[in-house]
There are 2 protein chains.
Amino acid sequence: MTSIQDIAKKAGVSISTVSRTLNNYPDVGQKTREKILKIAEEMNYFPNAVARSLVQKKTFTIGMFFGNNMNLGFDHPFFLDVISAVREVVGNAGYDLLVFTNKNKNRSTYTTLCRERSVDGVLMLLTGEGKKKNEQMLELQSSGIPCVAIDIPLVGDKCTYVESDNYTGASDAVKHLVELGHRKIGFIGGDEISKTSYDRMRGYQDTLIEKGVGVRPEYIQLGHFSSEKASKATRKLMKDNPEITAFFVVSDEMACAVMDTLQELGFRVPEDISLVGFDDIKEAVHYSPPLTTIKQMKYEIGSEAAKILLQIINDKSFHPEPKTLPCELVVRKSTAHKVD
Amino acid sequence: MTSIQDIAKKAGVSISTVSRTLNNYPDVGQKTREKILKIAEEMNYFPNAVARSLVQKKTFTIGMFFGNNMNLGFDHPFFLDVISAVREVVGNAGYDLLVFTNKNKNRSTYTTLCRERSVDGVLMLLTGEGKKKNEQMLELQSSGIPCVAIDIPLVGDKCTYVESDNYTGASDAVKHLVELGHRKIGFIGGDEISKTSYDRMRGYQDTLIEKGVGVRPEYIQLGHFSSEKASKATRKLMKDNPEITAFFVVSDEMACAVMDTLQELGFRVPEDISLVGFDDIKEAVHYSPPLTTIKQMKYEIGSEAAKILLQIINDKSFHPEPKTLPCELVVRKSTAHKVD
DNA sequence: ACGATTACCAAAAACGTTTTCGTAAATCGA
DNA sequence: TCGATTTACGAAAACGTTTTTGGTAATCGT
């Protein structure tokens, strides 16, 4: 609570001199500098970031919209890793992280929240319906606020996104399946709006065609990234199409539910039915059987997003471009050769 | 970027009138109020939180020290749930969350960081060596900054902590084991400094004595919440004491490593050796066999911590007390009757 | 020795609010 | 109608910095 003024008074100098000393400006005399520094130490002074921000118009905080707007209290397993990464890189750059949580302001949007708090940039890390590119997203996109989203296709002068190569990932998943001899491959997707879901679906379809296996619309269901819906979809699919011998499910969480459901239904995985997921969440390796899946580089996604954001913030001439990171097929025990 | 001044000018009134209007003060005339509101809407004004904070000395942000200081990039599975809870309750109260990450300030402590940012309160959610009650913790404890820690015994006028009932939890774990007929029960603990570790160890020892089974120091090893160390400890324990028929391991992460190691060593779980963990992380239920463990109420821990903190902040006369939340034994498949 | 630079520092503006104080006009009570 | 409230508003201080401007004294080059 000791201010720059207190120091100035005690040192017998002006506040401007104190400010310059504290900020290592060159134009302050040797002895005055030392005196001021000593007094500051004694009074254990530390600057008030709020006051500083007010005049500098820079807060050294980067904002973060995080999680599922609808379904709070549930957060994606994905998040912990990307947040870790984000923390690491923004922290090293001298920034703190402001997680928007305030729910008292009803009449506000992403953009106005950012402006109110004067964050220097913002990271969008949303799931569920938040992925919908709605009005608020558009507003943010064109607001001029430095912004990078994860898995949401925002593009603008100060705005971009990073994602996994979902198309290729999905493609690799079904390639793996057809190479194991599978031809009747069910698909449990996400939703109909998110780019992520769309790309994975396209990867599935295109590869099926490319491999000479046809696409059968009746093999396709949407699970909306919900375990319950995925379970329901599985029952329907197996009931209507008992000839199916493999599933590609676009998230590990859903894939786990699918596996449970399949086993409840009396099918063995992978002997009767093969299963590949997407994400490579921690649980995947410990499932029984351990889940074959497409691994997303979560940590890299977070750190890339953060790096790009910092660059947008600090280099005015930088024009950001979307970044796509590779996925990787990791084969475990939930997939096997088709037997006849 | 439109300020209160702009509105004042356009409306032909003073800034104080604008401010009062915007803050719903009673003493402003009907027509002027409406005019001002309309203009504010048109110019799509929103207040500058930084400026407001400066004068009000209140930021409506609560700070958060989070994770493992040493070992960044790895965050405890525990965290996601308690953060979800924290977000929920502070958000509903109108606060945002500032996660401290800035690593550029070397000469700073928890306390000074909080003061610089002028957070209204702070949540300590640390693991690893951060749990050590060091100088910085003491400083924070007596700083007068509203503070609640999780699993770290801080107590002060504006400072307290919440934790699980680790003693009873541990006690329940070994009770379960001895009720299954086990007498030679190995223990893999945490560290020697944290209260959490200490309480669980005491629960183990006391219950053993209470049940008439002796405590054997050679059955006790420390794993420091690290999978590798837990694995090593397991090997040592089984080599030196092959008569052991059960383990109580004080974290699920370590318990998983112990299970893997045991299986590598050729033991079957639970047929040869029973195993109970602590935490009930998500993976626990999917391990093979599914892990019997002591469940911590992670969400409640987070929400309790947040609620207490808000009360400290908003009720000056409130004197906080430590809060202990119950654990619960959840029996799965990693424990079984001892066979001879 | 004289003008020009340089080194040091103070004064004051600025950032965008909230809040205190004061006061003119309007209303009120009798 | 007159004093006393009340109502509605403006002026200005305050919050704690950074930054701009300017000025004095010392130093320098020639």
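Residue numbering restarts at 1 for every chain, and letters A, B, ... go by the order of the sequence lines. All values below were derived from every heavy atom in this structure, side-chain atoms included, with hydrogens, water molecules and symmetry-related copies excluded.
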task: Specify the angle, to 10°, made by the local axes at the two ends of the helix from C:dA1-D:dT30 to C:dA30-D:dT1 when five pairs are taken at each end.
output: 30°
- request: Please report, rounded to the nearest Å, how far the P atom of D:dT7 is from the NZ atom of B:K31.
  value: 15 Å
task: Can you sort out the partners of B:E34 under side-chain hydrogen bond (donor to acceptor under 3.5 Å, both in side chains), two or more places apart, ordered by chain and number?
output: none
query: Any side-chain N or O of B:S14 less than 4.0 Å from the OP1 or OP2 oxygen of D:dG10?
result: yes
- prompt: B:I62 and side-chain contact (heavy atoms from CB on, under 4.5 Å): which partner among B:V122, B:L123, B:V148?
  reply: B:L123
Between D:dT18 (P) and A:Q5 (CD): distance, integer Å: 12 Å
Identify the pairs formed between an N or O of the protein and an N or O of nucleotides 23-28 of chain D at a distance under 3.5 Å, and give each distance.
none

field: Test salt bridge (charged side-chain N to carboxylate O under 4.0 Å, His left out) applied to B:D315 - qualifying residues, sequence neighbours left out
entry: none
query: If each of A:L22 and B:Q30 is mapped to the nucleotide of DNA chain D with the nearest heavy atom, which maps nearer the 5' terminus, i.e. the 5' end?
result: B:Q30
- request: Look at all strands and tell whether A:T32 reaches a base, only sugar-phosphate, or nothing, counting heavy atoms closer than 4.0 Å.
  value: sugar-phosphate
message: How about NZ on B:K9, more than 12 heavy atoms from neighbouring residues, nucleotides or ligands closer than 6.0 Å, or not?
response: no
message: Contact list please: residues 40-52 of chain B against DNA chain D, heavy atoms, distance less than 4.0 Å, in numerical order.
response: none
- request: Apply side-chain hydrogen bond (donor to acceptor under 3.5 Å, both in side chains) to B:S164 and list each qualifying residue two or more places apart in sequence or on a separate chain.
  value: B:Q296
Close N/O contacts between protein and nucleotides 19-22 of chain D (under 3.5 Å):
from, atom 1, to, atom 2, distance (Å)
D:dT19, OP2, A:Y25, OH, 2.9

- request: For A:I7 and C:dA10, give me the distance from atom CD1 to atom C1', rounded to whole Å.
  value: 17 Å
message: In whole Å, I'd like the distance from the CG atom of A:L54 to the P atom of D:dA14.
response: 17 Å
task: For B:F46, enumerate each residue passing the ring-ring contact (aromatic ring centres under 6.0 Å, His included) test, keeping only those at least two apart in sequence or located in another chain.
output: none
field: Under 4.0 angstrom between B:K57 side-chain N/O and D:dG16 OP1 or OP2
entry: yes
- prompt: Distance-only, no hydrogens or angles: does the B:D120 side chain make a donor-acceptor pair with backbone N or O of B:K58 under 3.5 Å?
  reply: no
All side-chain hydrogen bond (donor to acceptor under 3.5 Å, both in side chains) counterparts of A:D157, not counting sequence neighbours: A:H319
- request: With sequence neighbours left out, write down each residue that passes side-chain hydrogen bond (donor to acceptor under 3.5 Å, both in side chains) with A:S16, or none if nothing qualifies.
  value: A:S14
message: The criterion is ring-ring contact (aromatic ring centres under 6.0 Å, His included); which residues satisfy it with B:Y161, sequence neighbours excluded?
response: none
message: From CZ of B:F60 over to C1' of C:dT18, roughly how many Å is that when rounded to an integer?
response: 13 Å
- prompt: Does some side-chain heavy atom of B:Y45 sit less than 4.5 Å from a side-chain heavy atom of B:I4?
  reply: yes
- line: A:F60 meets the ring-ring contact (aromatic ring centres under 6.0 Å, His included) criterion, sequence neighbours left out, with A:Y95
message: Does A:S194 form a side chain to side chain donor-acceptor pair (under 3.5 Å) with A:T196? I'd like the steps, not just the answer.
response: CA-CA 5 Å; A:S194 74; A:T196 302; 4.8 Å; no
